[in-house]
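Below is one structure, written out as structure tokens, with a few remarks after it.
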Amino acid sequence: MYSRVVTGALLGIESYLAVVEVDASNGMPGFEMVGMLNVEVREAKERVRVALKNTGISLQPLRVTVNISPAHVRKNGTAYDLPVAVALLIAAGMLPQESVEEHIVIGELGLAGEVKFVGGILPIVLQAKENGFKTCIVPKENESEGAAVQGIDVIGVKNLSDVIAYFSMKKEERMECFKPAVLDVAALFAQKNKREELDFSQVNGQESVKRVVEIAAAGFHNILLIGPPGSGKTMIAKRIPSVLPPLTMDESMEVSKVYSVAGKLCEEEALVVKRPFCNPHHTISEQALVGGGRVPRPGAISLAHRGVLFLDEAVHFSTRALEALRQPIEDKKVQIARAYGTYVYPADFMLVAAINPCPCGYYPDRNRCNCTQTQVKKYLSKISGPILDRIDICVEAPAVELPELRNKNSAESSEQIRERIERAREIQKKRFRNEKRNFNADMGPEEIGRYCSLQQKEEAFMEKAFANMELSARAYHKILKVARTIADLDGSENILEKHLCEAVCYRSVDRRYW
């Protein structure tokens, strides 16, 4: 007897629908699986066989052939277990074929018949909805994640017995015994308005660095902080998410899809509602940072999508890992090519890097630093010119003096800074309403020519800066984009010389060290 069950599969962070076909017939007993399957998918036959046995289901000896289509796409993961089991029960005549119509079935099986958590439920449910399916059967641990998609019923099941009971019932009975999961998305987003534990009011001093953070957050610019140990670089970086505008619903779904594929969503956090902040250790491998693996998975830069990627002690990251950031910084995405397909992950993040100026950390203070010029140069050379060229703003974070630490006047709160940033973001939103851009940092040459036009006085200033600083074309455009953001914060329609002067200062700091 022939049966078919529709399930979902992943290709990067996008999903496609796959069909599990089973033919069960008399003959030499056997269990074959085809359809370009990885090892973990082929192992499903053993998990399904034992799970059925331990659920109390005894099948007569049959020759079973399982095909998972489309056959030209490589199948990975363990989410095929449950649809294979359901299709096998239908083919054996124990469940009716019509019971699975308009259903998507996803889940991994344990040997005792329990249905286990799988990654990537959110994009699969979104794809099922787009294709007109009415109901998704998912593991109980994934039901909140799937319920984030409105307009489709998501049923969480704990074990194979629940699944059999569900498909054995009539439609009216199902609605009474198996309630679709419900997620209050509005309540989740309301939680993001609660006060952050980390706030800029806790930071005394470093006003110049706070100014840089405000500019970077307003235009989503990449920044590099240079300073001695204990100057507050990490403290400030960790508070950057508190001044970024909240995620919109569309942005939240984008980020949540990445976390879903990475298996990082759970019942407590069914959606990502706050800007991500990823702070990988400097021992991270190139693959873990950018993404990849035998079965490609998102890396840290994709988990930082729409948020902040903080590289503390950036010079200690491997050269391969740092250089791998070049393309994602420019393209806002990661492409991982394999013989059986290309995976694309989003990577639109704000890069924040912090470094010490030398091995001991106190250069150019010769009262405390004994490093030779060669040692300083070798230490800083790990941050290559092409990476520096992709950083919009560079600023020094000097050691904080005791009077600043003892200052009783409270510093500006994150909320006060965020209000100014949101006003600048509104200006950008109006500016790019007909463009495929979100922030000033995203502007290409065409948009720069349209929105960063300079008057005669400002043109002369930039000509002099270009010649004296020996700027590259990319660095020149970075200055214009940062100046545009400074003008937006200032409420100015035109970029003035004072805006350019401040933007140029943020490109001149790195020349002191490199």
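Note that the numbering runs from 1 along the sequence shown for the chain. Source: prediction; values computed, not measured.
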[X] to [Y] - nearest heavy-atom pair and separation:
| X | Y | result |
| --- | --- | --- |
| G292 | I336 | N-CD1, 3.4 Å |
| I121 | P139 | CD1-CD, 4.4 Å |
| V344 | Q335 | CG2-CG, 4.0 Å |
| P280 | L309 | CD-CD1, 3.9 Å |

Determine the interplanar angle of the F317 and H282 rings, folded into 0 to 90°, and report it as parallel if under 30°, tilted if 30 to 60°, perpendicular if over 60°.
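Because their plane-to-plane angle is over 60°, the rings of F317 and H282 count as perpendicular.
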With the side chain counted from C-beta on, respond yes when [X] and [Y] share a heavy-atom pair under 4.5 Å apart, and no when they do not.
| X | Y | result |
| --- | --- | --- |
| K116 | T78 | no |
| S252 | L271 | yes |
| V185 | Q150 | yes |
| Q206 | S231 | yes |

Are any of the side-chain nitrogens in [X] or [Y] under 4.0 Å away from the carboxylate oxygens of its partner?
| X | Y | answer |
| --- | --- | --- |
| R326 | E323 | yes |
| D348 | R306 | yes |
| R507 | D389 | yes |
| E412 | K210 | no |
| E40 | R294 | yes |

Quick check on [X]: does its [atom1] atom have over 12 non-hydrogen neighbours (other residues, nucleotides or ligands) under 6.0 Å away?
| X | atom1 | value |
| --- | --- | --- |
| K332 | NZ | yes |
| E330 | CD | yes |
| R320 | CZ | no |

Using the rule given for side chain to side chain contact (heavy atoms under 4.5 Å, CB included), can you reason through R418 versus F200, listing the C-alpha separation, both sets of side-chain angles and the distance that settles it, and then say yes or no?
CA-CA 10 Å; R418 188 169 60 246; F200 270 96; over 6 Å; no
So among F432, F439, F349, which one has a ring-ring contact (aromatic ring centres under 6.0 Å, His included) with F220?
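Result: among F432, F439, F349, F439 is the only option passing the ring-ring contact (aromatic ring centres under 6.0 Å, His included) with F220.
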If we check salt bridge (Lys or Arg N to Asp or Glu O under 4.0 Å) with D488, which of these qualifies: R425, R431, R423?
R431
Could you walk me through whether Q375 and Y379 pass the side chain to side chain donor-acceptor pair (under 3.5 Å) test, one step at a time?
CA-CA 6 Å; Q375 287 176 313; Y379 182 78; over 6 Å; no
P276 and its side chain to side chain contact (heavy atoms under 4.5 Å, CB included) partner, picked from V255, L303, V258:
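Among V255, L303, V258, the one meeting side chain to side chain contact (heavy atoms under 4.5 Å, CB included) with P276 is V255.
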